[in-house]
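Structure first, commentary second.
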Amino acid sequence: MTQAALTYRDATADDVPDVVALVESAYRGEASRAGWTTEADLLEGRRTDPDGVADVIARDRSRLLLAERDGVLVACCQLEHRGDHAYFGMFAVRPTLQGGGVGRAVIAEAERRARTDWGAADLHMTVIRQREDLIRWYERRGYRRTGEMSPFPYGDERFGIPQRDDLEFELLVKPLP
């Protein structure tokens, strides 16, 4: 894939299958091991499904931002306006492009849009506490650990099949200038 500039757009219902495939490839199964964001050792099963992606696209005060290079989907993220802050989730970068700056560019664009489009003061996200490498990556981008934990939804296979019994999410927050 060339190093052409990224272009951004909001997802539509027509994008659902491509987004599901991208998210799955970034987090689950053998394909995810080509990148460093894999959760394959922590969770099996699906990371998302068509209904979940379609819901994010259709929900009020929500958008699914797509990043494309030469017309090919290379990354995505969810932004949801929640009053004085925005929530950031469903972040995925094509595994073979991880480590090359695509993720940094997408998160910077998401922060910019949350601030300019919604006036959000902060960007919030939840990350599996056991993903120390990923948390450190976010910390290098200005996110801080809050110590605020929420339980992993054990028993709800829409979020995957846990391979250990101590999973939980930690809230990370970044003030937006």
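Note that the numbering runs from 1 along the sequence shown for the chain.
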Any [X] side-chain heavy atom under 4.5 Å of [Y] side chain:
| X | Y | value |
| --- | --- | --- |
| T126 | Y87 | yes |
| V19 | L22 | no |
| R59 | I57 | no |
| D15 | R9 | yes |
| D10 | L66 | no |
| M125 | I107 | yes |
| I128 | L42 | yes |

message = Any salt bridge linking R136 with E139? Criterion: basic side-chain nitrogen under 4.0 Å from a carboxylate oxygen.
response = no
Considering non-hydrogen atoms only, spot the tightest contact between [X] and [Y] and give its length.
| X | Y | result |
| --- | --- | --- |
| L6 | A105 | CD1-CB, 3.8 Å |
| A75 | V106 | CB-CG2, 3.7 Å |
| C77 | A110 | SG-CB, 3.8 Å |
| G160 | P162 | O-CD, 3.5 Å |
| L123 | A114 | CD1-CB, 4.2 Å |

inquiry  = Counting only heavy atoms from other residues, nucleotides and ligands, does the tally under 6.0 Å from CD of E157 exceed 12?
reply    = no
Is [X] reaching over with its side chain to a backbone N or O of [Y], donor-acceptor style, under 3.5 angstrom?
| X | Y | answer |
| --- | --- | --- |
| Y154 | L167 | yes |
| D70 | V72 | no |
| R94 | L73 | yes |
| Q130 | D166 | yes |

Distance, nearest 0.5 Å, that separates [atom1] of [X] from [atom2] of [Y]:
| X | Y | atom1 | atom2 | value |
| --- | --- | --- | --- | --- |
| F91 | Y138 | CZ | OH | 5.0 Å |
| L65 | R113 | CG | CZ | 5.0 Å |
| D133 | R131 | CG | CZ | 5.0 Å |
| D55 | S62 | CG | OG | 7.5 Å |

Verdict with reasoning, W137 to R104, per side chain to side chain contact (heavy atoms under 4.5 Å, CB included) = CA-CA 10 Å; W137 187 86; R104 284 188 299 275; 3.8 Å; yes
ask   = Taking only residues at least two apart or on different chains, which pairs with a member in residues 108-130 satisfy ring pair (Phe, Tyr, Trp, His ring centres under 6.0 Å)?
value = H81-W118, H85-H124
Distance-only criterion, 3.5 Å: show the donor-acceptor pairs between side-chain atoms of residues 170-177 and protein atoms not counting sequence neighbours.
| residue | atom | partner | partner atom | Å |
| --- | --- | --- | --- | --- |
| E170 | OE1 | R145 | NE | 2.9 |
| E170 | OE1 | R145 | NH2 | 2.8 |
| E170 | OE2 | R145 | NE | 3.4 |
| E170 | OE2 | G147 | N | 3.0 |
| K174 | NZ | E111 | OE1 | 3.1 |
| K174 | NZ | E111 | OE2 | 3.2 |
| K174 | NZ | R141 | O | 2.8 |

task = Please list, chain by chain and in numerical order, all residues satisfying ring pair (Phe, Tyr, Trp, His ring centres under 6.0 Å) with Y8, sequence neighbours excluded.
result = none
ask   = Out of E80, R63, Q78, which one pairs with V56 under the side chain to side chain contact (heavy atoms under 4.5 Å, CB included) rule?
value = Q78
